[in-house]
There are 2 protein chains.
Amino acid sequence: MQNLRRIFKAVESYSRTVETKFGMTGPQLWALWELGRNSPLSLKDLAASMHLSPSTVVGVIDRLIAKDLVTREPDQADRRRVCLSLSTKGKELLDQAPNPAQDQLIKGLKSLNPGQLKTLSLSLESLVKTMAADKLEAPFFFAEE
Amino acid sequence: MQNLRRIFKAVESYSRTVETKFGMTGPQLWALWELGRNSPLSLKDLAASMHLSPSTVVGVIDRLIAKDLVTREPDQADRRRVCLSLSTKGKELLDQAPNPAQDQLIKGLKSLNPGQLKTLSLSLESLVKTMAADKLEAPFFFAEE
DNA sequence: GCTTTTTAATTTGCATACCTAATAATTTGG
DNA sequence: CCAAATTATTAGGTATGCAAATTAAAAAGC
């Protein structure tokens, strides 16, 4: 329990690290990641990938555009839509700002030997099963695996 | 990684469960828990235990008092301070609203046999060590173990 | 004792993240 | 061609969260 707690805390602290280090909030970097993975995106699709309402995401995107990290252009094919993409500046920032929490986790997992990894996997699987969390989707900080 | 992800997601969804089920936000229940553990508390001490600034916690407490879940009385010994405590209604709610995410985790851990539990513990310990998360404190949803 | 400093709580002002509902523009189905 | 669905946005609301200013009370210094 104590170790799980620590892992959670490490991930939780990720958000603050981002805010102080990269001058943007968690949701803003989250949106940036989604655009980095899959671009261009319509606002609706971006909102869906973030599990947020479109009206919420409009504000996030507005602030990213104000920072010159994202571009918003009308979609030629369907003029109801917009095309959201990373700007050059946004791509650069995304390169410099990996996913600290996830990187640390991956680093930690790599330090385990195959036997440990196996038992960890099995134990977690059993844990997850009992927690009935199977259906739930991945949160943003694991989005890229 | 997938299983860790699911556990995170389950805990993340806890907040929404609380909001819809108990009509209050995460920080509000968090404050309620702290008062349930250790009462009465001064505003400053409550803020410290939640790792938030006092000015933030004033608002949270205001809303809890408006819901008649918390009482705020001046401290007799030091009249600069206030004594924050659970109201009768607050105690009742806290009894009905355990910590779903944590309870699920505990339930999951109990389902493991001793050998699994041991290897899980060892694996997580190794993981934590590499993540250098040792120093970090427990987040609220693990505060009661 | 009296003044200065410190401490506690609050208020104010600001930015952000959320949501629902309403609106405008556009596409699609019939 | 027109009604219905879809897309983005705006409007209006609540809640977090902070720093800075304010008020009141206690503690410290002299």
Side-chain angles (χ1 to χ4, degrees), chain A residues 12-13 15-20 22-35 40-67 69-85 139-141, chain B residues 12-20 22-32 34-35 40-67 69-85 139-141:
Chain A
E12 197 191 44
S13 77
S15 188
R16 260 164 258 166
T17 305
V18 167
E19 286 179 37
T20 58
F22 298 101
M24 82 182 55
T25 63
Q28 284 171 30
L29 189 59
W30 183 7
L32 225 54
W33 275 334
E34 293 294 341
L35 290 175
L41 274 174
S42 72
L43 188 120
K44 190 204 169 177
D45 291 343
L46 176 59
S49 72
M50 294 171 73
H51 304 285
L52 294 174
S53 77
S55 53
T56 299
V57 179
V58 167
V60 174
I61 290 297
D62 284 347
R63 288 181 278 278
L64 287 173
I65 289 174
K67 285 175 187 153
L69 297 170
V70 165
T71 60
R72 174 166 44 195
E73 293 164 7
D75 187 322
Q76 298 303 329
D78 184 341
R79 282 179 304 171
R80 289 171 303 182
R81 298 186 180 216
V82 291
C83 283
L84 301 172
S85 310
F140 76 97
F141 45 80
Chain B
E12 197 191 45
S13 77
Y14 146 79
S15 189
R16 258 164 261 168
T17 305
V18 167
E19 285 178 38
T20 58
F22 298 100
M24 83 181 57
T25 63
Q28 284 171 28
L29 189 60
W30 184 6
L32 225 53
E34 294 294 340
L35 290 175
L41 274 175
S42 73
L43 188 122
K44 190 202 169 179
D45 291 343
L46 176 58
S49 72
M50 294 173 73
H51 303 286
L52 294 174
S53 77
S55 53
T56 298
V57 178
V58 168
V60 175
I61 290 297
D62 284 348
R63 287 181 279 276
L64 287 174
I65 290 174
K67 284 172 188 155
L69 297 171
V70 166
T71 61
R72 174 166 44 194
E73 294 165 5
D75 187 323
Q76 296 303 328
D78 184 340
R79 283 180 302 172
R80 288 171 304 182
R81 297 185 181 218
V82 292
C83 283
L84 301 171
S85 309
F140 76 96
F141 44 80

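Note that the coordinates shown come from a computational prediction; the quantities given were computed from them, not determined experimentally.
Here CG of B/Leu52 is found 8.5 Å from CG of B/Leu46. Values are rounded to the nearest 0.5 Å. To the nearest 0.5 Å, the span separating SG on B/Cys83 from CG on B/Asp78 amounts to 9.5 Å. B/Ser55 contributes atom OG, which lies 9.0 Å from atom CG of B/Leu43 (distance to the nearest 0.5 angstrom). With values rounded to the nearest 0.5 angstrom, B/Thr71 atom OG1 is found 9.5 Å from B/Ile61 atom CD1. Interatomic distance, CG of A/Asp45 versus CE of A/Met50, reported as 13.0 Å (0.5 Å rounding). Rounded to the nearest 0.5 Å, atoms CG (A/Asp62) and CD (A/Gln28) are 10.5 Å apart.
One can place CD1 of A/Ile61 at 14 Å from P of C/dT16, the figure rounded to the nearest angstrom. As rounded to whole Å, 13 Å separates atom C1' of C/dT11 from atom CG of B/Leu43. In this structure, CG of A/Leu29 is placed 12 Å from P of C/dA17, rounded to the nearest angstrom. One atom, CZ of B/Arg72, and another, C1' of C/dA8, lie 13 Å apart when rounded to the nearest Å.
Reading DNA chain D from its 5' end, the first and the last nucleotide to sit under 4.0 Å from a heavy atom of chain A are D/dT6 to D/dT10.
Here the closest heavy-atom approach between residue A/Val60 and residue A/Pro27 is recorded as CG1-O, 4.0 Å.
By the 4.5 Å heavy-atom criterion applied to side chains, A/Met24 and A/Leu32 are counted as neighbours.
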Given protein heavy atoms under 4.0 Å, the one-letter contact record of nucleotides 19-30 of chain C, with B base, S sugar-phosphate only and - none, is simply BB----BBS---

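Residues A/Asp62 and A/Arg81 both approach DNA chain D. Their nearest nucleotides, taken by heavy-atom distance, put A/Arg81 toward the 5′ side.
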